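Owing to the predicted nature of the structure, the values given are computational and were not obtained by experimental measurement. Note on naming: letters A, B, ... go to the chains in the order of the sequence lines (proteins, then strands), and numbering restarts at 1 for each one.
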Amino acid sequence: MPELPEVETVLRGLKQRVIGRRLGVAQVSHRQIIVGSSVKFVREVSGRRILSARRKGKAIALELGPENANGDSGRRYLLVRLGMTGQLTVNAIAEPVEPHTHARLALEDGGEELRYVDARRFGRLRCLARHELDAVFGGLGPDAREISEEQFQEALLGRSGPLKSWLMNQQMLAGVGNIYADEALYLARLHPLTQAGGISAPDARRLLRALKRVLERAVALQGTSFRDYIDIEGRPGNFLPQLRVYQRTGKPCRRCRQPIERVIISGRSSHFCPNCQPRPRRLRLRRKIKNQRKTKRLAARKSIPQNK
DNA sequence: GCAAGCCTGACC
DNA sequence: GGTCAGGCTTGC
């Protein structure tokens with residue numbers, strides 16, 4: 001499943017393979033994957049040169065130059081969200097088209113095309129103006145690889161609800177999904193149901209370090225492939241054997257041999273070691289989180305000058 | 001039936 | 001405003 005390391009791997013592939021190339025005619029065979037009008041999408045992206053590629057969290061944005069077959073001006077951004085099973089690949093145009101290929105963007109020079117394949121169609125493509133892209137990226141929290149310890153601690157303040165859900169909340173922290181949330185919690189020895197706003201500063205520091213460590217390792221190994229995820233060249237990631245808890249229910253913990261357990265947290269399965277990640281008792285937590293929330297509000301009011 | 005990311009809407 | 005359940009989707 002594409003989370004930050006998988007998306008980063010795809011981004012690196014895009015940088016190698018498509019930057020500087022001009023898009024020919026785009027074809028969309030399943031309108032549902034396009035946000036907004038697919039006709040407009042095709043008109044907007046066709047003929048533009050791909051200038052750069054960047055990422056925030058799990059979202060990729062390809063910057064498209066102002067040159068357009070229809071004389072439209074101004075840059076556009078092709079925003080790609082892979083969802084669960086989305087794949088971006090560069091193929092020769094003559095190559096057989098895989099099932100579930102929903103969009104094909106011809107690449108000038110070289111007889112190739114960029115293909116979007118997505119069995120479950122949870123992913124989305126959209127073409128945006130600069131201010132729209134800024135709004136989308138602005139709605140995401142800091143990228144998980146880049147967030148500072150101060151930002152991390154600050155974002156945790158006043159949050160009720162399980163730490164696991166918090167890690168996966170893209171408005172708090174961008175890029176973490178189910179796999180790396182479980183893995184980071186295991187490395188940090190924190191139970192997934194721990195109240196987010198209730199953890200100590202040292203625990204938060206340990207969690208952030210664990211998260212960054214697991215993300216860096218996974219990036220180095222091109223991500224995790226269960227079945228669907230492949231990079232732009234069609235290669236799977238190599239992080240699967242490194243997983244400590246994710247999808248290892250009933251198997252022995254690699255630290256203490258206790259069987260890994262699974263619990264559903266806000267509709268998502270969470271895997272953890274009951275011995276290494278003991279359930280914390282929560283003492284007067286409600287009040288603590290409420291107070292944090294109040295302090296945070298006051299601080300925000302102070303730092304943002306009211307312009308009347 | 002389960003898995004997942006993301007969006008919507010219900011609830012407190 | 002924050003939190004969470006539900007729905008989308010299809011291969012296993």
Note to self: Once you apply a heavy-atom cut-off of 4.0 Å, does A:Y246 come out as touching a base, just sugar-phosphate, or nothing?
What the structure shows: sugar-phosphate
Check: How are the rings of A:Y246 and A:H271 set relative to one another: parallel (under 30°), tilted (30 to 60°) or perpendicular (over 60°)?
Finding: perpendicular
Item checked: A:R81, nearest nucleotide to its side chain (from B:dC7, B:dG5, B:dA3) -> B:dC7
Checklist line | Between B:dT8 (C1') and A:R124 (CZ): distance, integer Å | finding: 13 Å
Margin query: For A:E95, is there an ion pair with A:R115 - N to carboxylate O distance below 4.0 angstrom?
Written below: no
Margin query: Could you tell me how far apart A:I34 (CD1) and B:dC7 (C1') are, to the nearest whole angstrom?
Written below: 17 Å
Note to self: What is the distance, to the nearest angstrom, from the CH2 atom on A:W166 to the P atom on C:dT3?
What the structure shows: 12 Å
Item checked: Carboxylate-amine/guanidinium proximity below 4.0 Å for A:D231 and A:R12 -> no
Check: When every nucleotide of nucleotides 6-12 of chain C is labelled 5' to 3' by its protein contacts under 4.0 Å (heavy atoms), B for base, S for sugar-phosphate only, - for none, what sequence of letters results?
Finding: -BBBBB-
Notebook entry, point to check: Between A:R75, A:R76, A:R130, which is the residue that forms a side chain to side chain donor-acceptor pair (under 3.5 Å) with A:E63?
Noted result: A:R75
Notebook entry, point to check: Which part of the nucleic acid, if any, lies within contact of A:T85, taking any heavy atom under 4.0 Å across all strands shown: a base, the sugar-phosphate backbone alone, or nothing?
Noted result: nothing
Checklist line | Proximity to the side chain of A:S266 - top-ranked nucleotide from C:dA5, B:dG5, B:dC2 | finding: C:dA5
Margin query: Just the rounded figure in Å: distance from P of B:dC6 to CE of A:M168.
Written below: 9 Å
Check: Atom CD of A:Q195 and atom P of C:dT3: how far apart are they, to the nearest Å?
Finding: 9 Å
Check: Between C:dT3 atom P and A:I264 atom CD1, what is the distance in whole Å?
Finding: 20 Å
Checklist line | A:Y229 to A:Q222 - nearest heavy-atom pair and separation | finding: CE2-O, 3.5 Å
Notebook entry, point to check: Expressed in angstrom and rounded to an integer, what is the separation of A:K164 atom NZ from C:dA5 atom P?
Noted result: 14 Å
Next item on the list: Side-chain contact test, heavy atoms from C-beta onward, threshold under 4.5 Å: evaluate it for A:L221 versus A:L240 and give yes or no.
Entry: no
Check: Between B:dC6 atom P and A:N169 atom CG, what is the distance in whole Å?
Finding: 11 Å
Margin query: Can you classify the ring geometry of A:W166 versus A:F152 as parallel (below 30°), tilted (30 to 60°) or perpendicular (above 60°)?
Written below: perpendicular
